[in-house]
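Only this structure's heavy atoms are used, side chains among them; waters, hydrogens and symmetry mates stay out. Whatever order the structure lists them in is the order used to number ligands and atoms, beginning at 1.
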Amino acid sequence: MEFGPSPSLIKKVVDEFLHDMPLVGPVDKLLDDTLIGEDPALEAALAANAASGLLPFDVAANQGKLLNLIARTARASKILEVGTLGGYSTIWLARAVPSDGRVVTLERNSEYAEVARGNIDRAGVGERVEILLGPALETLPTLYAAYPGKFDLVFIDADKENDVAYTEWAIKLCRPGGLIVVDNVIRFGSVLDPDATADKDPGARGSRDVLEFIGAHARLDGTALQTVGAKGWDGFAFAVVTEE
Ligand code: DHB
Ligand code: MG
């Protein structure tokens with residue numbers, strides 16, 4: 001079972017957006033060429049994902065690099081990712097932790113997890129990455145039993161319907177001062193009126209709810225940014241977990 005709009009619909013929406021905003025794609029390419037450059041391991045991962053028919057829902061290169069810089073600035077050594085897909089963002093995060101650090105990434109789809117394992121191992125960060133197979137709402141409680149309050153950073157990028165539930169687990173799993181990052185909180189603006197777009201974008205309700213949850217939660221201090229780029233128009237939410 002897939003969540004969210006079909007890959008072909010997402011591609012159509014992204015393509016139309018980039019067509020209507022003709023400088024956005026070239027600007028992203030400029031940023032990638034200037035600031036990131038060639039990265040054979042990541043390019044191989046995207047090629048492997050496409051060859052295996054995975055949905056093109058990875059973060060963009062400059063977004064992956066942002067996650068990497070945030071993790072390094074936070075000196076994160078334990079990172080949790082909810083939603084592995086083909087492991088593209090996982091590689092960016094794993095590069096940020098020290099060699100004895102750990103990225104635990106949760107994936108429900110065993111085919112995705114297998115593709116991700118190959119990509120992550122080929123990128124040379126396999127020893128730092130543990131992929132937990134199964135629905136995250138089933139693996140998160142076991143993770144909490146093993147690592148309560150231990151994570152420095154949690155990146156949530158899975159089915160948007162469960163964003164609030166994942167964020168609730170992230171609060172328990174993060175140390176005080178830990179950071180939660182949530183992907184896709186703007187969704188081409190559909191968060192403005194999420195129920196109106198429910199048939200086209202069932203994820204919009206979850207994204208809107210997580211923004212409101214962060215804003216209202218006593219232990220979260222957050223913000224969010226809209227982004228435009230190769231992935232269209234979307235955004236990230238950021239929330240620091242404060243002391244109890
Ligand atoms: C969708 C999910 C993502 O994680 C993403 O980055 C883009 C789109 C989706 O389900 O529509
Ligand atoms: Mg995403």
Taking the inter-plane angle between the rings of Phe17 and Trp233 on a 0 to 90° scale, is it parallel (under 30°), tilted (30 to 60°) or perpendicular (over 60°)?
parallel
In terms of relative ring orientation, are Phe151 and Tyr147 parallel, tilted or perpendicular, with 30° and 60° separating the classes?
perpendicular
Using a plain distance cutoff, I'd like to know if Asp58 has any nitrogen or oxygen under 3.5 Å from a nitrogen or oxygen of ligand 1.
no
Near the Mg ion (ligand 2), is there an N/O/S atom from Asp183 that is less than 2.8 Å away?
yes
So if I count the atoms of ligand 1 from 1 in the order they appear, which ones are less than 4.0 Å from some heavy atom of Lys160?
2 (C), 3 (C), 4 (O)
Just by modelled atom types, is the Asp234 backbone N or O under 3.5 Å from a matching donor or acceptor in the Thr227 side chain?
yes
Would you sort out whether Arg187 and Asn184 count as a side chain to side chain donor-acceptor pair (under 3.5 Å), showing the intermediate values?
CA-CA 6 Å; Arg187 308 187 67 81; Asn184 309 116; 5.0 Å; no
Have a look at ligand 1 and work out which part of Lys231, if any, has a heavy atom under 4.0 Å from it: side chain, backbone, both or neither.
neither
Under 3.5 Å: N/O of Phe57 near N/O of ligand 1:
yes
Does any N, O or S atom in Asp157 come within less than 2.8 Å of the Mg ion (ligand 2)?
yes
Near Asp157, which atoms of ligand 1 are under 4.0 Å from a heavy atom of that residue?
3 (C), 4 (O)
Using a strict 4.0 Å cut-off to heavy atoms of Asn184, name the atoms of ligand 1 that fall inside it.
2 (C), 3 (C), 4 (O), 5 (C), 6 (O), 7 (C)
Is the shortest side-chain N to carboxylate O distance from Asp39 to Lys65 below 4.0 Å?
no
Answer whether the closest heavy-atom distance between the side chains of Arg205 and Asp195 falls below 4.5 Å.
yes
Return a yes/no value for Asp183: is any of its N or O atoms, backbone included, closer than 3.5 angstrom to an N or O of ligand 1?
yes
Using a strict threshold of under 4.0 Å (side-chain N to carboxylate O), is an ion pair present between Lys12 and Glu16?
yes
